[in-house]
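Just below is one structure, and these are the notes that go with it.
In each ligand, atom 1 is the first atom listed, and ligand 1 is the first ligand listed.
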Amino acid sequence: MKKLETREDIEFLVNTFYKKVEKSGIGFFFNDIAKVDWSLHLPKMYKFWETLLFGQISYKGNPMAVHFPINQMVPMEKQHFETWLKLWTETVEENFTGETADLAIYKAGNIANLMAYKMETATKLEKLS
Ligand code: HEM
């Protein structure tokens, strides 16, 4: 199987992942809640992953911040992050091998856990206010 090493690999990975996401139980967050413009979202995600995996600093943004307003509309729960991570891990493993592929799974897991915690906390605080 192929190593994850080029920008084209990232584009393939991200495109394949979001095709799965759209068909899954978390697809509605993208299509119905945030109503994402895929022609903008996908290139942003290429840059995000290129920055994380290749140290090519092309993504500038705050990945946590964009999720709070979505979470306010529909709480993003643990089960949603589990689905996200399962699909990401599956997509990486089905297509790539090697250290960078492992890193893609590892980093996604860390960010997903942190994000899940932050969204849960925000939801709890919202309920108190
Ligand atoms: C249940 C899990 C998740 C859902 C439903 C979700 C949903 C979304 C949506 C709807 C957007 C588009 C926001 C917009 O442009 O209006 C977005 C953006 C983004 N997401 Fe997620 N996300 C999830 C998990 C993650 C995780 C685990 C990561 C990182 C590993 C991540 C990284 C990003 C990044 C980098 C952006 C673009 C931020 C920017 O605009 O700069 N997301 N997400």
Side-chain angles (χ1 to χ4, degrees):
M1 224 194 297
K2 211 193 161 307
K3 284 189 177 167
L4 178 51
E5 51 194 355
T6 66
R7 163 79 183 205
E8 287 68 37
D9 294 340
I10 297 266
E11 290 184 12
F12 178 80
L13 175 61
V14 167
N15 292 342
T16 312
F17 169 65
Y18 282 105
K19 270 183 218 148
K20 287 186 193 233
V21 164
E22 275 198 271
K23 285 188 237 150
S24 77
I26 57 171
F28 75 96
F29 278 110
F30 294 86
N31 288 323
D32 305 328
I33 308 296
K35 298 188 173 68
V36 290
D37 180 342
W38 290 100
S39 70
L40 298 177
H41 181 64
L42 294 172
K44 218 183 269 180
M45 298 312 294
Y46 307 151
K47 288 184 181 173
F48 176 73
W49 283 107
E50 187 173 61
T51 300
L52 282 187
L53 299 177
F54 302 157
Q56 171 98 31
I57 317 289
S58 52
Y59 173 79
K60 290 191 184 69
N62 185 340
M64 287 297 160
V66 302
H67 296 84
F68 286 107
I70 299 165
N71 186 61
Q72 254 177 352
M73 290 187 263
V74 178
M76 291 166 63
E77 292 170 350
K78 195 163 182 275
Q79 93 213 41
H80 300 126
F81 286 97
E82 279 165 8
T83 301
W84 190 103
L85 195 58
K86 180 179 147 279
L87 294 176
W88 178 257
T89 303
E90 207 178 273
T91 314
V92 174
E93 285 178 346
E94 279 168 4
N95 296 287
F96 297 100
T97 186
E99 242 174 68
T100 313
D102 292 345
L103 202 61
I105 294 171
Y106 177 75
K107 290 201 171 181
N110 279 345
I111 300 169
N113 285 337
L114 178 63
M115 203 182 276
Y117 171 73
K118 289 199 176 209
M119 295 308 133
E120 195 188 346
T121 307
T123 304
K124 278 184 188 157
L125 289 175
E126 197 112 316
K127 281 185 183 152
L128 286 177
S129 68

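The closest donor-acceptor contact from the side chain of T51 to the backbone of S58 lies under 3.5 Å. With hydrogens and angles ignored, the 3.5 Å screen pairs no side-chain donor or acceptor of W49 with any backbone N or O of E11. One N or O on the side chain of K35 and one on the backbone of D32 form a donor-acceptor pair closer than 3.5 Å.
In terms of protein heavy atoms, atom 14 (C) of ligand 1 is closest to V36 CG1, 4.1 Å. Protein heavy atom nearest atom 13 (C) of ligand 1, with residue, atom name and distance: I70 CD1, 4.0 Å. Closest to atom 2 (C) of ligand 1, if we only count protein heavy atoms, is W84 CD1, 3.5 Å. Taking atom 18 (C) of ligand 1 as the reference point, the nearest protein heavy-atom neighbour is H41 CE1, 3.4 Å. Protein heavy atom closest to atom 41 (O) of ligand 1, with residue, atom name and distance, is Y59 OH, 2.6 Å. For atom 22 (N) of ligand 1, the nearest non-hydrogen atom of the protein is H67 NE2, 2.9 Å. The nearest heavy-atom contact from the protein to atom 29 (C) of ligand 1 is I111 CG2, 3.6 Å. Given atom 36 (C) of ligand 1, the protein heavy atom at minimum distance is M45 SD, 3.6 Å.
At a 4.0 Å cut-off, not a single heavy atom of W88 sits close enough to ligand 1 to count as contact. The closest approach between K60 and ligand 1 stays at or above 4.0 Å for every heavy atom of the residue.
Which parts of ligand 1 touch M115 is read off a 4.0 Å heavy-atom cut-off, strictly below it: atoms 24 (C), 25 (C), 26 (C), 28 (C), 31 (C), 42 (N). Atoms of ligand 1 lying under 4.0 Å from at least one heavy atom of H80, given by number and element, are 1 (C). Within the listing of ligand 1, atoms 35 (C) sit less than 4.0 angstrom from a heavy atom of P63. When each atom of ligand 1 is checked for a heavy atom of A34 under 4.0 Å away, the hits are 10 (C). For ligand 1, the atoms sitting less than 4.0 Å from at least one non-hydrogen atom of F30 are 4 (C), 5 (C), 6 (C), 7 (C), 8 (C), 9 (C), 10 (C), 43 (N), numbered in the order shown with element in parentheses. Ligand 1 places these atoms under 4.0 Å from at least one heavy atom of F29: 5 (C), 10 (C).
Looking at heavy atoms from C-beta onward, V14 lies out of side-chain contact with F17 at the 4.5 angstrom threshold. S24 is listed as a side-chain neighbour of L87, based on a closest heavy-atom distance under 4.5 Å. No side-chain heavy atom of F96 sits less than 4.5 Å from a side-chain heavy atom of T91. Here the side chains of T100 and E5 are not in contact, with every heavy-atom distance at 4.5 Å or above. When side chains are defined from C-beta on, Y18 counts as touching F30, because their heavy atoms get closer than 4.5 Å.
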Derivation and outcome, side chain to side chain donor-acceptor pair (under 3.5 Å), residues T123 and N71: CA-CA 8 Å; T123 304; N71 186 61; 3.1 Å; yes
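L128 shares a hydrophobic cluster with L125; the chain of contacts runs through ILVMFWY side chains whose heavy atoms sit under 4.5 Å apart.
Nearest to atom 3 (C) of ligand 1 by heavy atom, out of M64, E77, K44, M76, is M76.
Here L85 contributes atom CG and N113 contributes atom CG; the two are 7.0 Å apart, rounded to the nearest 0.5 Å.
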